[in-house]
Amino acid sequence: MRAFALGLIFSTAALPCLAQTILKSEPLMLAPYEVAFVQDAACPAGKVLKVTGAIRGLHRKKACVAIGTEQASLSAATP
């Protein structure tokens, strides 16, 4: 019972860490397999561009995905 209560306490403390930052522009440098969410006009309303970094010689993966407003915060990309 104590383990369950401790798990519940730790999970509520970890919830703010699940928020994703949405950038206004795509970053120039992105590590392989690193994911960045970008607010892009190419995606329909309610969706953001998910950019996944690739290893040298391959193109980045880009896809429009839906993301909840409670999971995201808008931020500016820093060069």
Side-chain angles (χ1 to χ4, degrees):
M1 186 64 167
R2 282 187 212 166
F4 178 73
L6 285 174
L8 192 61
I9 291 169
F10 286 126
S11 66
T12 56
L15 283 178
C17 299
L18 296 176
Q20 297 291 330
T21 301
I22 299 176
L23 305 174
K24 292 183 180 181
S25 63
E26 188 175 334
L28 295 176
M29 300 290 292
L30 199 59
Y33 308 108
E34 183 180 4
V35 175
F37 293 99
V38 181
Q39 185 176 6
D40 193 5
C43 294
K47 293 192 175 190
V48 294
L49 184 67
K50 178 182 175 183
V51 181
T52 305
I55 57 175
R56 187 172 289 188
L58 297 177
H59 295 287
R60 293 177 173 181
K61 281 187 180 179
K62 298 179 182 181
C64 291
V65 296
I67 190 163
T69 55
E70 67 277 351
Q71 289 182 309
S73 63
L74 191 58
S75 172
T78 55

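On a predicted model such as this, the values are computed, not experimentally measured, just so you know.
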Inset, instruction - Could you tell me the separation between the CD1 atom of Ile22 and the CG atom of Asp40, rounded to the nearest 0.5 Å? - result: 12.0 Å
Inset, instruction - Any pair with a residue in residues 45-61 that passes salt bridge (charged side-chain N to carboxylate O under 4.0 Å, His left out), sequence neighbours left out, goes on the list, sorted by first then second residue, please. - result: Glu26-Arg60
Legend entry - hydrophobic_cluster_shared for Leu49 and Val35, side chain cutoff 4.5 Å: no
Legend entry - Residue pairs, two or more places apart or on separate chains, that pass disulfide (SG to SG under 2.5 Å) and touch residues 22-52: Cys43-Cys64
Inset, instruction - Check the pair Val38, Val48 against side-chain contact (heavy atoms from CB on, under 4.5 Å), reporting the backbone distance first and the verdict last. - result: CA-CA 6 Å; Val38 181; Val48 294; over 6 Å; no
Inset, instruction - Using the rule that two of Ile, Leu, Val, Met, Phe, Trp, Tyr join whenever any of their side-chain heavy atoms come within less than 4.5 Å, decide whether Met29 and Val51 are in one cluster. - result: no
Legend entry - Where Phe37 and Val65 come nearest, the two heavy atoms and their spacing: CE2-CG2, 3.9 Å
Legend entry - Distance-minimising heavy-atom pair for Leu30 and Pro27: CD1-CG, 4.0 Å
